[in-house]
2 protein chains.
Amino acid sequence: MSEQTETDPEPTAEVPSPLLRRATLRDVATRAGVSTAAASKVLRGAYGVSPAMRERVQEAMAALSYRPNASARGMRGKTFTIGVLISDIQNQFYDQVMSGVAPVFAEAEYAVLIAQAAPSVESELAMVETMIDHRMDGLVLMTPTMPRAEIERFASLLPVVVVARGGGGAGFDTVSADDEVGSALIVDHLVGLGHRSIAHISVDSPDDDPTLPFRARTRGYEDAMRRHGLEERIDVISTGWTQAGGVSAAARLLERDALPTAIHAGADVAALGLLGVLWDRGVEVPGDVSVAGYDNSPIGMLAPISLTSVDQGADVLGRRAAELLLERIGGRTEPRSVRIRPTLVTRGTTAPPRA
Amino acid sequence: MSEQTETDPEPTAEVPSPLLRRATLRDVATRAGVSTAAASKVLRGAYGVSPAMRERVQEAMAALSYRPNASARGMRGKTFTIGVLISDIQNQFYDQVMSGVAPVFAEAEYAVLIAQAAPSVESELAMVETMIDHRMDGLVLMTPTMPRAEIERFASLLPVVVVARGGGGAGFDTVSADDEVGSALIVDHLVGLGHRSIAHISVDSPDDDPTLPFRARTRGYEDAMRRHGLEERIDVISTGWTQAGGVSAAARLLERDALPTAIHAGADVAALGLLGVLWDRGVEVPGDVSVAGYDNSPIGMLAPISLTSVDQGADVLGRRAAELLLERIGGRTEPRSVRIRPTLVTRGTTAPPRA
DNA sequence: GTCCACGCGTATAACGTTCTACGAGATCGT
DNA sequence: ACGATCTCGTAGAACGTTATACGCGTGGAC
């Protein structure tokens, strides 16, 4: 609307109608008495700047509280922004992962923006496309359920790291806890307590990609059962790893003549839904039935719940993922695959079966 | 966490493509045999396109699976992207709000990206700046704790709607539940049960802006106490509305000679932390002390917790916020302020005091 | 027949960066 | 003394859109 005067006495008492009029690199350059190219060099820490010039430009930037326009940057160079895809933001696990991710990118001066996907492959794909539209410099995908081919396709466009879905990839990195091992930890623990009738809640999905967490954990459960000579007792209930999934699993179990003596719920959220129903029906935990979750979420630690679970080391997962992504942005192309060994956390919901 | 193993799968067959080579509007135009200006018109649904041309261009877009470059768009026009600031992503309340926000923007063909702030004003400011750097078309701020002047400043740059922090604003809209009323609902409920000794957990913060939720809820508590002639019994413990805040509030209370007969925890998360300690110490709830939360989060509904709480209508809050933001983007400048009446949800953690 | 409005397209200048050239001095080896 | 080299700085062309300003037929009104 009106022209900008540098000798503006009072910092605008009026409403600034020129939507989004922030200082630009050209403003900085003008104020510092150099070319925009020079200002850009200072901004990027590029070669060819004298200490004197750097000083002046930085001063001008501070004085104008200059902030680089990410859109403009995205047109030619980098945006210094990382995109994170989270499907189930409810799940505290991802929040814990983020607490590992955030400081690494903050340290490297990358901004982080999160895209929340609805629980469907289409939504995941759409959100990833959106992040690419915004020219993010790299992507962290939290337990994507999309086909691996799609992940490869994205990875051919920009650096990608997948968290909590193992198996490695040709063009991207993966960071995950070993779900088969974690699942076996639970079975071993329950068998060690004397259980033989152990049910497992899995996810009802047509996708049988072996790297999907629920496939891996179910495989770990089945292998462990076989290893203990309990092949006949393998008992998988496929609903879903949500609170609702736990509720319907409980309903199915309660329809039977007898409950199993232990349930490996696959995820804490599912265990919570399951526990809610059991408690309501007066089923005693761990008296009548032992219950184990997976993820070691903060809620499960609460005294009245005290859920036995498996810790995936979420923050470590997040930190390693961020580090790998930075490496990839730095130019590495050989894929890497980090696998963390999960640990069992024994609490009050598991105990020996009633004699 | 235990140590991890790192394996490197077979090296990449090849580096797939020149990073980020997607179809551009020019490609579309060439394929359709028109100018880029024409293609742009079709893309934006602007005036001056014949049905035939529209047809051909749309066909070309589909064939090339064209996606507009948000960075380029951001340089001149809009990015069709909304930014959401969430401070405490742990808190399920915001997830519920998002479930109201998302469909509205999806319908209007806006993408939504989330910035997660650490719990500090500096972090909030930095994340908002980041979103402006990316030339978002509008911002939804979830319970920002930054000074109102800062919000006004941002609102002078782009459309802003504030959720769950009331009071209205000069240059932005607000959508919130009435915290004073909600807080009074709890006090009335407890007094109705016969309680007279009712403590309240608030937030330890130097900021006394009356629109901050914790100020409003504490005000509501105090007013209600006065209204019931319990002015002398006003008892505010300022720690924080987090699980940890609940834990330290519990510690402070247990140091005393006698516990209050009821506690208005201010937030479900704080109530959970509080409950954990009480349960551990063998304090019976609601026998020895009644506890009420605020937010009506899914965890509190779980049978063994069964937390009395206040429902803010999170999804309605989210939907209205999104609608208001779209209006603002559409050109409205008069501020609007939506206030929702919260409702009490009575559950198992509140009961009459022991005679 | 002229005039003008209208419908439909195109040409082109931004937008704010990055980055490749390139030039002007200063420094240096011989 | 004289190129060769290095250091520090500038010019200017992208990048992919949007939006303004035109141009050019058509056809209706007079």
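Residue numbers begin at 1 in each chain, while the letters A, B, ... track the order of the sequences. Here the structure is a predicted model, which means the values were calculated and not measured.
- Each of B/R76 and B/G33 was matched to the nucleotide of DNA chain C holding its nearest heavy atom; the match closer to the 5' end belongs to B/G33.
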Salt bridge (charged side-chain N to carboxylate O under 4.0 Å, His left out), that's the test. Do B/R165 and B/D209 meet it? Break it down for me.
CA-CA 10 Å; B/R165 171 172 173 178; B/D209 183 306; 3.1 Å; yes

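- Nucleic acid contact class of A/T24 (heavy atoms, under 4.0 Å, all strands): sugar-phosphate only.
- Taking every side-chain heavy atom of A/S35 into account, D/dA11 is the closest of D/dA11, C/dT18, D/dG16.
- For B/D133 and C/dC15, the CG to C1' distance is 16 Å, given to the nearest whole Å.
- Within the 4.5 Å cutoff, the side chain of A/V162 has heavy atoms near those of the A/P144 side chain.
- Rounded to an integer number of Å, the gap from A/R135 CZ to C/dC15 P is 22 Å.
- Between B/R26 and the phosphate of D/dT17, there is no side-chain N or O to OP1/OP2 separation shorter than 4.0 Å.
- OP1 or OP2 of D/dT17 has not a single side-chain nitrogen or oxygen of B/S71 nearer than 4.0 Å.
- For the OP1/OP2 pair of D/dT7 and a distance below 4.0 Å, the side-chain nitrogens and oxygens of A/Y47 include at least one atom meeting the criterion.
- Distance CG (A/N69) to P (C/dT17): 6 Å, rounded to an integer number of Å.
- A/L25 has its CG atom 20 Å from the P atom of D/dC15, to the nearest Å.
- For A/N91 (side chain) and A/D88 (main-chain N/O), no donor-acceptor pair under 3.5 Å exists by modelled atom type.
- The interatomic distance linking A/R22 (CZ) with C/dT17 (P) rounds to 10 Å, in whole Å.
- Side-chain contact check for B/I114 versus A/I89: some heavy-atom pair is nearer than 4.5 Å.
- Between the CZ atom of B/R44 and the P atom of D/dT18 there is a distance of 6 Å, given to the nearest Å.
- Taking atom CZ of residue B/R56 and atom P of nucleotide C/dC8, one finds them 14 Å apart after rounding to whole Å.
- The side chain to side chain contact (heavy atoms under 4.5 Å, CB included) with A/V97 is formed by just one residue from the set A/V163, A/V140, A/V84; it is A/V163.
- Here C/dT18 is the nucleotide among D/dA19, C/dT18, C/dT10 with the atom lying nearest to any side-chain atom of A/S40.
- Atom CZ of A/F80 and atom P of C/dT17 are 13 Å apart (whole Å).
- Side-chain atoms of B/M75 lie closest to D/dG16 of the nucleotides D/dT18, D/dG16, C/dT17.
- When the side-chain nitrogen and oxygen atoms of A/S50 are compared with OP1 and OP2 of D/dG9, one or more of them lie within a distance under 4.0 Å.
- Considering only side-chain atoms of B/R73, the nucleotide from C/dT17, C/dT12, D/dT17 that sits closest is D/dT17.
- In this structure, B/K41 reaches the bases: a heavy-atom distance under 4.0 Å links it to at least one base atom across the strands shown.
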